[in-house]
Structures are given as C-alpha cells and as structure tokens.
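A short worksheet on the structure shown next.
Nothing here was measured: the structure is a model prediction, and the numbers come from that model.
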Amino acid sequence: DLNTPQTPDTSAAGVTSTHTVPPYPQIARAAGHEGTVTLQIVISASGDVTSASIVTSSGFPELDQAAVSWVQEHWKYKPAMQNGQAVPSQSRAAVRFDLKQASR
C-alpha cells in the first residue's frame with residue numbers, strides 16, 4: 001500500500017554527546033519547579049531536530065519551553081535508514097529538570 005509510511009530499517013539514534021539537559025530557567029529554579037517534559041521529535045534525514053512538540057508537560061510552561069527550544073537547537077541524531085538511505089523519522093524523548101542535578 002503506497003499510502004502507508006514505510007517503517008525505517010533502523011531507527012534514528014541519538015548522538016549522546018549532544019543530548020544535554022537545558023540550562024535551568026532562572027525563574028523555575030527560584031520557584032523550586034521540577035519536572036519531566038516528554039517531547040515528540042521530528043528528525044530530518046540529516047539528523048537534525050526539525051521540530052519538537054510537548055506530549056506531556058512538566059506542569060511548568062517555562063520548563064516545557066526550555067526543553068523544546070534546547071532540543072531543537074542542540075540535539076542531533078544519527079538518522080533513520082530505509083534501504084540504505086537516510087530518511088526523516090520521529091522519536092520521543094524525555095527532558096528531566098531536577099534541582100539536585102542543576103545545583104552542581
């Protein structure tokens with residue numbers, strides 16, 4: 001069926017060194033806000049994040065927005081492969097904001 005998207009032979013794999021946690025938003029740190037943002041990420045055939053949208057909010061808009069913009073600007077992937085060709089794909093990722101980690 002030509003209308004069914006093909007499942008890539010291999011999924012996109014995160015380039016771990018680029019998957020850093022965003023700087024803690026100062027307003028969230030001051031207020032003691034913590035949480036995990038789950039994102040739906042669209043990855044281009046070149047491995048760039050072309051969009052990130054919130055699937056599950058952390059409950060704090062400043063944390064959600066920091067995660068979206070940071071992932072789009074900084075994260076890279078080894079692209080998904082289909083028949084030996086790099087293809088666009090989607091993935092989910094969680095970005096955790098933890099004040100204990102941030103204070104280091």
Side-chain angles (χ1 to χ4, degrees):
D1 183 292
L2 295 174
N3 295 327
T4 305
Q6 292 292 313
T7 302
D9 299 331
T10 62
S11 299
V15 177
T16 309
S17 62
T18 70
H19 288 214
T20 54
V21 176
Y24 224 96
Q26 200 54 49
I27 189 166
R29 184 191 293 261
H33 294 169
E34 294 183 314
T36 301
V37 186
T38 304
L39 302 174
Q40 181 72 24
I41 299 170
V42 178
I43 303 154
S44 72
S46 61
D48 294 317
V49 175
T50 56
S51 76
S53 55
I54 298 162
V55 177
T56 309
S57 170
S58 65
F60 302 104
E62 68 276 11
L63 296 182
D64 295 350
Q65 195 49 56
V68 167
S69 57
W70 185 264
V71 165
Q72 287 184 165
E73 291 171 29
H74 296 278
W75 285 22
K76 300 281 182 230
Y77 283 82
K78 184 176 171 200
M81 300 298 284
Q82 176 74 42
N83 298 324
Q85 297 288 315
V87 294
S89 63
Q90 293 192 30
S91 183
R92 285 205 176 176
V95 177
R96 177 159 170 65
F97 288 92
D98 181 336
L99 285 168
K100 287 187 248 5
Q101 301 291 322
S103 61
R104 290 181 191 152

- Item | Those residues that, when tested against S51, pass side chain to side chain contact (heavy atoms under 4.5 Å, CB included) (two or more places apart) |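 Scan of S51 (side chain to side chain contact (heavy atoms under 4.5 Å, CB included), adjacent residues dropped) gives V42, Q72.
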- Task: Please identify each residue that fulfils side chain to side chain contact (heavy atoms under 4.5 Å, CB included) with A31, with sequence neighbours left out.
- Result: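 Partners of A31 under the side chain to side chain contact (heavy atoms under 4.5 Å, CB included) test: H33.
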- Item | Donor-acceptor contact below 3.5 Å, side chain D98 vs main chain K100 |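 Looks like yes, one N/O pair under 3.5 Å.
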Where [X] and [Y] come nearest, the two heavy atoms and their spacing:
| X | Y | answer |
| --- | --- | --- |
| A52 | V68 | O-CG1, 3.5 Å |
| P79 | S44 | CB-O, 4.0 Å |
| F60 | E34 | CE1-O, 3.3 Å |

- Any pair with a residue in residues 13-28 that passes salt bridge (Lys or Arg N to Asp or Glu O under 4.0 Å), sequence neighbours left out, goes on the list, sorted by first then second residue, please.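 For residues 13-28, and leaving out neighbouring residues, there are no salt bridge (Lys or Arg N to Asp or Glu O under 4.0 Å) pairs at all.
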- Name all pairs fulfilling the salt bridge (Lys or Arg N to Asp or Glu O under 4.0 Å) condition that reach into residues 49-75, sequence neighbours left out, sorted by first residue then second.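 Every pair satisfying salt bridge (Lys or Arg N to Asp or Glu O under 4.0 Å) with a residue in residues 49-75: there are none.
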- Pairwise side-chain contact, T38 with I54, heavy-atom cut-off 4.5 Å (strictly under):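 Not in contact.
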- Do W75 and L39 touch side chain to side chain, with heavy atoms closer than 4.5 Å?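 They are not in side-chain contact.
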- Task: Quick one: do T36 and F97 satisfy side chain to side chain contact (heavy atoms under 4.5 Å, CB included)? Show the steps, please.
- Result: CA-CA 6 Å; T36 301; F97 288 92; over 6 Å; no
For residues 84-93, which side-chain N or O atoms pair as donor and acceptor with protein atoms under 3.5 Å away, sequence neighbours left out?
from : atom 1 : to  : atom 2 : distance (Å)
Q90  : OE1    : Q40 : NE2    : 2.7
R92  : NE     : Q40 : OE1    : 2.8

Residues 8-23, side-chain donor-acceptor partners within the protein, below 3.5 Å, at least two apart:
from : atom 1 : to  : atom 2 : distance (Å)
D9   : OD2    : N83 : N      : 2.6
T10  : OG1    : M81 : N      : 3.2
T18  : OG1    : V15 : O      : 2.8
T18  : OG1    : K76 : N      : 2.8
T18  : OG1    : K76 : O      : 3.4
H19  : NE2    : K76 : O      : 3.1
T20  : OG1    : W70 : NE1    : 3.1

